Amino acid sequence: MAKFAIFFKFKAETIKAMMANPSDRGAVVNKLCESAGGRMLAYYLMFGQWDGFVVFEVPDSAGAGAVSLAVTSTGAFGAIETHELIDTARFAAMLGSAGGLTYTPPGS
């Protein structure tokens with residue numbers, strides 16, 4: 001299964017609603033990932049540019065896109081960014097493949 005990370009930033013009204021009605025967001029996110037055929041691996045909140053991130057696995061990028069779109073459609077987030085995570089072994093294979101390709105840059 002492919003692994004992905006979604007970084008998110010809550011809207012102010014979302015934080016206010018969570019303060020008024022706390023819930024186990026990890027359980028909710030895990031259920032979402034399972035409904036897309038995968039599972040949540042980690043859920044963290046943090047300080048800084050992003051309010052948190054989720055690491056999850058689903059069968060493919062279409063599943064990750066569906067998860068991201070489902071979350072975005074709620075309107076509860078000011079920003080969401082989804083990234084595929086590539087392990088080092090897969091990256092090494094990509095480097096090997098890239099070495100056999102040729103590309104002509106624009107203007108060459």
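The shown structure was predicted, so the numbers you read here are calculated from the model rather than taken from an experiment. Residue numbers run from 1 in the order of the sequence given.
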F7 and W50 aromatic ring geometry - parallel, tilted or perpendicular at 30°/60° bounds: tilted
Min side-chain heavy-atom separation V58-F4 under 4.5 Å: yes
Non-hydrogen atoms of C33 and R39 that approach each other most closely: CB-C, 3.7 Å
Derivation and outcome, side chain to side chain contact (heavy atoms under 4.5 Å, CB included), residues K16 and M18: CA-CA 5 Å; K16 185 175 181 179; M18 290 189 311; over 6 Å; no
Same apolar cluster (I L V M F W Y, side chains within < 4.5 Å links), Y43/V71: yes
Connected-component partners of F91 among ILVMFWY, side-chain separation under 4.5 Å: I86, M94, L95
Distance in Å, D60 CG paired with E84 CD, rounded so as to fall on 0.5 Å steps: 9.5 Å
Nearest atoms (heavy-atom pairs only) where F8 meets V54: CE2-CG2, 4.0 Å
Verdict with reasoning, F77 to F10, per ring pair (Phe, Tyr, Trp, His ring centres under 6.0 Å): CA-CA 4 Å; F77 299 87; F10 293 120; 5.5 Å; yes
S97 side-chain N/O to A93 backbone N/O, donor-acceptor pair under 3.5 Å: yes
NZ (K9) with more than 12 external heavy atoms under 6.0 Å: yes
Sequence-distant partners of S108, side-chain hydrogen bond (donor to acceptor under 3.5 Å, both in side chains), two or more places apart: none
Cluster overlap L85 with F53, hydrophobic side-chain contacts below 4.5 Å: yes
Heavy-atom pair of closest approach, residues A36 and G63: CB-O, 4.3 Å
Residues which pass side-chain hydrogen bond (donor to acceptor under 3.5 Å, both in side chains) with N30, listed by chain and number, not counting sequence neighbours: E34
Same apolar cluster (I L V M F W Y, side chains within < 4.5 Å links), V29/L45: yes
Between CD1 on residue I6 and CG on residue L32, distance to nearest 0.5 Å: 7.5 Å
Value rounded to 0.5 Å, distance of CZ in F56 from OG1 in T82: 6.0 Å
For G37 against P59, the heavy-atom pair lying closest together: O-CD, 3.6 Å
More than 12 heavy atoms from other groups under 6.0 Å of CE on M19: no
Side-chain (T72) to main-chain (S68) donor-acceptor, under 3.5 angstrom: yes
hydrophobic_cluster_shared for V67 and L69, side chain cutoff 4.5 Å: no
Chi angles and distances behind the side chain to side chain contact (heavy atoms under 4.5 Å, CB included) call for K3, L41: CA-CA 9 Å; K3 289 185 176 79; L41 302 174; 3.5 Å; yes
